[in-house]
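What follows is a single structure, written as C-alpha cells, with notes after it.
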Amino acid sequence: MQFSLGPILFYWPKADTQAFYEAATHSQADIIYLGETVCSKRRELKVDDWIALARQVAASGKQAVLSTLALISAPSELKEVKRLVDNGELLIETNDLGTAQLAWEAGLPFVCGPAINAYNADVLRMLLKQGMQRWVMPVELSRDWLVQLEQDLGPARRQFEVEVFAYGHLPLAYSARCFTARSLDKPKDSCELACIHYPTGRLASSREGQKVFNLNGIQTQSGYCYNLGNELASMADLVDVVRLSPEGMETLEMLARFRANAQGQAPLPLQQERDCNGYWRQIPGMSLVE
C-alpha cells in the first residue's frame with residue numbers, strides 16, 4: 001500500500017504552498033499531487049510555477065502528479081489545462097472528462113480524479129481504454145461498494161490502481177457560484193480572493209451545532225474531517241493508494257501516523273466533534289464509528 005498527498009484544496013499564499021511541498025519532499029508520502037483543482041482565480045502559483053514545483057518533487061524521488069480543475073467554464077481555463085497536459089513528462093490527474101479526453105488525444109496516461117463520477121465497471125473500462133493508470137474512488141462510496149465493483153471488473157482490475165481519499169475535508173460538490181464570497185456578501189466577480197483568508201475553509205454549522213459543511217470557494221466540503229486512519233487494515237487487497245488531503249503542515253505528521261497504523265498496530269484517536277468516517281462504512285457520511 002502506498003500513501004499520497006492530494007492537491008491542496010484551499011487557497012494558500014505562495015510562500016506557504018512552497019514551504020508545504022518542500023517539507024512534503026522529506027515526508028513519508030510516495031505520491032504527491034500538485035495544482036489548482038478548485039478555482040482558476042487562485043493565481044498565487046501559475047501554470048509554470050506548478051510545473052516547476054512538480055519537477056522539484058519528482059527530483060526528490062517521489063511520484064509527482066499535476067492535478068487539474070474540476071470545473072472548466074472559460075476558454076482561458078481550458079488553455080491552462082492544455083498547458084498542464086502538454087508538460088511532456090509528468091502524470092496528470094484529470095478532474096473533468098474533457099481533460100481525460102485531452103490526455104487521450106495526446107497519448108498520455110492519467111489519473112482519474114475523485115471529481116469525475118466514475119461509479120461502475122463499464123465507465124472504468126472505458127477510461128482504462130483511454131489511458132487511465134489510477135482511479136481515485138468518489139468520496140461518497142463505501143468499502144462494500146468497492147468490493148462489489150472489483151468483482152464486476154474481473155481481470156480488468158489488475159490493469160490500474162485504486163486510490164481512496166482517506167483524510168481531510170471531503171470535496172462534496174462544485175458550483176458556478178462562490179459560496180465563500182456569498183457568505184461575505186461579495187459577488188463572485190468581485191470576491192477579492194476572500195478564500196485566501198480561510199486556509200482551511202469557512203465552517204457552516206447547523207442550528208443544532210453540527211458541522212454540516214465547509215465552504216471553500218466554489219467547492220462545498222464536509223464539515224467534519226474524514227479520517228480512515230483506523231480503517232487501513234480493511235483496505236488490504238482492495239486499495240493500492242491511500243490519499244491524505246493537505247489541511248496544513250500537520251497533515252505530514254498525520255501521514256506518518258497513518259503509515260504506523262497500516263496493520264492496525266497503532267490506532268488513531270478519533271473525536272466525535274472533529275472526525276467522520278461514515279461513507280466508508282456505508283452509513284451517513286457525517287457519522288463516526290470508532
Side-chain angles (χ1 to χ4, degrees), residues 4-27 29-103 105-106 108-116 131 133-134 136 163 165 168 171 174 193 195-196 199-201 216-219 241 243-249 251-252 255:
S4 71
L5 290 169
I8 297 171
L9 300 181
F10 305 105
Y11 190 26
W12 294 352
K14 183 176 182 178
D16 292 352
T17 301
Q18 292 174 323
F20 177 82
Y21 284 115
E22 171 62 28
T25 62
H26 303 290
S27 74
D30 302 293
I31 304 163
I32 298 177
Y33 292 81
L34 310 91
E36 180 55 51
T37 65
V38 178
C39 180
S40 63
K41 295 179 70 174
R42 299 176 174 182
R43 294 181 177 274
E44 286 283 298
L45 280 82
K46 299 179 174 60
V47 171
D48 289 339
D49 297 321
W50 285 119
I51 293 174
L53 199 54
R55 286 172 177 161
Q56 292 176 23
V57 168
S60 74
K62 301 183 185 300
Q63 184 185 60
V65 184
L66 287 168
S67 296
T68 59
L69 285 171
L71 186 61
I72 301 172
S73 56
S76 59
E77 295 170 355
L78 180 59
K79 182 179 179 180
E80 291 193 350
V81 169
K82 285 181 177 179
R83 288 188 61 199
L84 290 170
V85 171
D86 294 338
N87 77 86
E89 57 187 286
L90 299 164
L91 192 64
I92 295 292
E93 179 188 53
T94 66
N95 283 296
D96 175 90
L97 279 177
T99 308
Q101 176 71 16
L102 290 174
E105 291 173 354
L108 296 174
F110 61 89
V111 177
C112 176
I116 292 180
Q133 279 192 350
R134 183 182 304 139
V136 186
E163 183 169 351
F165 188 112
Y174 298 83
L193 302 176
C195 48
I196 202 169
T200 56
N216 179 37
I218 67 168
Q219 183 187 71
V241 182
R243 173 179 294 202
L244 283 77
S245 184
E247 300 274 321
M249 284 291 187
T251 305
L252 303 181
L255 172 61

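Just so we're clear, the structure is a prediction, and the values are computed from it rather than from any experiment.
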So, taking the atom named [atom1] in [X] and the one named [atom2] in [Y], what distance separates them when rounded to the nearest 0.5 Å?
X: L69; Y: I218; atom1: CG; atom2: CD1; answer: 7.5 Å
X: I72; Y: E80; atom1: CD1; atom2: CD; answer: 10.5 Å
X: K82; Y: L102; atom1: NZ; atom2: CG; answer: 6.0 Å
X: T251; Y: L5; atom1: OG1; atom2: CG; answer: 7.5 Å
X: R43; Y: K14; atom1: CZ; atom2: NZ; answer: 13.5 Å
X: L34; Y: D49; atom1: CG; atom2: CG; answer: 11.5 Å

Pairing donors with acceptors under 3.5 angstrom, does anything connect the side chains of Q101 and E105?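 Checked: Q101/E105 side chains pair up, N/O donor to acceptor below 3.5 Å.
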
Indicate whether any N or O donor in one side chain lies under 3.5 Å from an N or O acceptor in the other, for S73 and E77.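 Yes.
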
Which atoms form the tightest heavy-atom contact between [X] and [Y], and what is the distance?
X: S245; Y: L9; result: OG-CD1, 3.6 Å
X: G6; Y: Y21; result: O-OH, 4.5 Å
X: W12; Y: E247; result: CZ2-C, 3.9 Å
X: L90; Y: I51; result: CD1-O, 4.1 Å
X: L108; Y: V85; result: CD1-O, 3.0 Å
X: L84; Y: S67; result: CD1-O, 4.1 Å

Kindly indicate, with the supporting measurements, whether the criterion side-chain contact (heavy atoms from CB on, under 4.5 Å) is fulfilled by T68 and D96. CA-CA 8 Å; T68 59; D96 175 90; 5.9 Å; no

Donor-acceptor contact below 3.5 Å, side chain Q56 vs main chain A59: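 Such a contact is absent between Q56 side chain and A59 backbone.
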
For V241 and D30, what are the C-alpha separation, side-chain angles and deciding distance, and is it a side-chain contact (heavy atoms from CB on, under 4.5 Å)? CA-CA 9 Å; V241 182; D30 302 293; over 6 Å; no

Would you indicate whether the side-chain heavy atoms of [Y] and [X] approach each other to under 4.5 Å?
X: P114; Y: E93; value: yes
X: F110; Y: T99; value: no
X: I196; Y: R42; value: no

Apply side-chain contact (heavy atoms from CB on, under 4.5 Å) to L252 and F20, showing your working. CA-CA 9 Å; L252 303 181; F20 177 82; 4.0 Å; yes

Checking Q63 against S4 for the side-chain contact (heavy atoms from CB on, under 4.5 Å) test, could you report, in this order, the C-alpha distance in whole Å, the side-chain angles of both residues, the deciding distance, and whether it holds? CA-CA 9 Å; Q63 184 185 60; S4 71; over 6 Å; no

